[in-house]
Amino acid sequence: MEDCIFCKIVNKEIPSTTEYEDEQFLAFHDIHPKSPLHLLLVPKKHIHSVDHLEFQDRDLMGDLVLTAQKIAKGRGLRGYQLHINVGRDGGQVVDHLHMHLQANI
């Protein structure tokens, strides 16, 4: 997606403060954090939203949650929040599937 800001971040066309990266995902700090730790976990594959997931994306979604868990454990977090907004009415601002990982560290 040419106009997708998260695709541009994934492709290193726009800088970000990267927390984690592997072959499937990029996790970076939210530029408008709502908590002391506020990361965005983004699949490198462009998917518009949860409403656009297909059956073949089921492993990707499981891996997304496990990646969030890995990041949280790596930071020594004892508690954290994960959430995904879906559509404008659900609070989704960027049209690229992403998960928020937040903690009051």
Side-chain angles (χ1 to χ4, degrees):
M1 300 297 294
E2 287 183 21
D3 294 332
C4 175
I5 191 166
F6 286 173
C7 286
K8 289 179 180 182
I9 291 171
V10 165
N11 292 325
K12 311 294 188 225
E13 298 169 29
I14 296 175
S16 68
T17 305
T18 300
E19 177 82 13
Y20 175 87
E21 184 172 10
D22 64 20
E23 49 289 333
Q24 286 192 98
F25 305 107
L26 179 69
F28 53 93
H29 291 262
D30 194 307
I31 61 170
H32 301 293
K34 307 274 189 294
S35 58
L37 176 65
H38 188 165
L39 302 175
L40 301 175
L41 285 76
V42 178
K44 290 184 174 180
K45 173 184 177 183
H46 181 88
I47 300 171
H48 192 82
S49 75
V50 166
D51 278 345
H52 295 83
L53 288 168
E54 298 181 7
F55 184 75
Q56 64 266 22
D57 297 318
R58 68 190 181 284
D59 289 338
L60 179 133
M61 291 305 294
D63 290 344
L64 180 64
V65 173
L66 292 174
T67 298
Q69 177 194 61
K70 179 179 180 176
I71 293 167
K73 283 184 177 182
R75 283 184 146 262
L77 300 179
R78 294 175 35 181
Y80 54 95
Q81 297 174 329
L82 300 175
H83 68 270
I84 299 173
N85 299 322
V86 183
R88 291 291 180 264
D89 290 343
Q92 185 176 358
V93 176
V94 177
D95 294 329
H96 185 124
L97 176 68
H98 57 285
M99 175 185 286
H100 298 257
L101 186 159
Q102 293 178 255
N104 294 318
I105 56 174

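These numbers come from a predicted model, not from an experiment.
Of the residues L53, V86, L41, the one that meets the side-chain contact (heavy atoms from CB on, under 4.5 Å) test with L97 is L53.
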Atom pairs and distances, side-chain donor-acceptor, residues 64-74, under 3.5 Å, sequence neighbours left out:
from: T67; atom 1: OG1; to: D63; atom 2: O; distance (Å): 2.7
from: K70; atom 1: NZ; to: Y20; atom 2: OH; distance (Å): 3.4

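With sequence neighbours excluded, the residues forming a side-chain contact (heavy atoms from CB on, under 4.5 Å) with N104 are S35, P36, listed by chain and number.
Under the ring pair (Phe, Tyr, Trp, His ring centres under 6.0 Å) criterion, the residue pairs touching residues 24-45 are F6-F28, H38-H100, with sequence neighbours excluded. Pairs engaging residues 79-93 under the salt bridge (charged side-chain N to carboxylate O under 4.0 Å, His left out) rule: R88-D95 [sequence neighbours left out]. Judged as a salt bridge (charged side-chain N to carboxylate O under 4.0 Å, His left out), the pairs with a partner in residues 47-58 (not counting sequence neighbours) are, in order, K45-D57. Identified under the salt bridge (charged side-chain N to carboxylate O under 4.0 Å, His left out) test for residues 17-33, with sequence neighbours left out: K12-E21, E19-R75, E21-K44.
V50 and L101 fall within the same hydrophobic cluster, defined by Ile, Leu, Val, Met, Phe, Trp and Tyr side-chain heavy atoms under 4.5 Å apart, directly or through other members.
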Exercise for the section: Check step by step if side chain to side chain contact (heavy atoms under 4.5 Å, CB included) holds for I47 and L60. Expected result: CA-CA 11 Å; I47 300 171; L60 179 133; 4.2 Å; yes
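Rounding to the nearest 0.5 Å places CD of Q102 at 8.5 Å from CG of L40. Atom CD1 of I84 and atom CD of Q92 lie 9.5 Å apart (nearest 0.5 Å). Once rounded to the nearest 0.5 Å, the distance linking CD1 of I5 with CD1 of I14 reads 4.5 Å.
Summarising the geometry of C7 relative to H46, their closest heavy-atom pair is SG-ND1, 3.3 Å, with the distance given to 0.1 Å.
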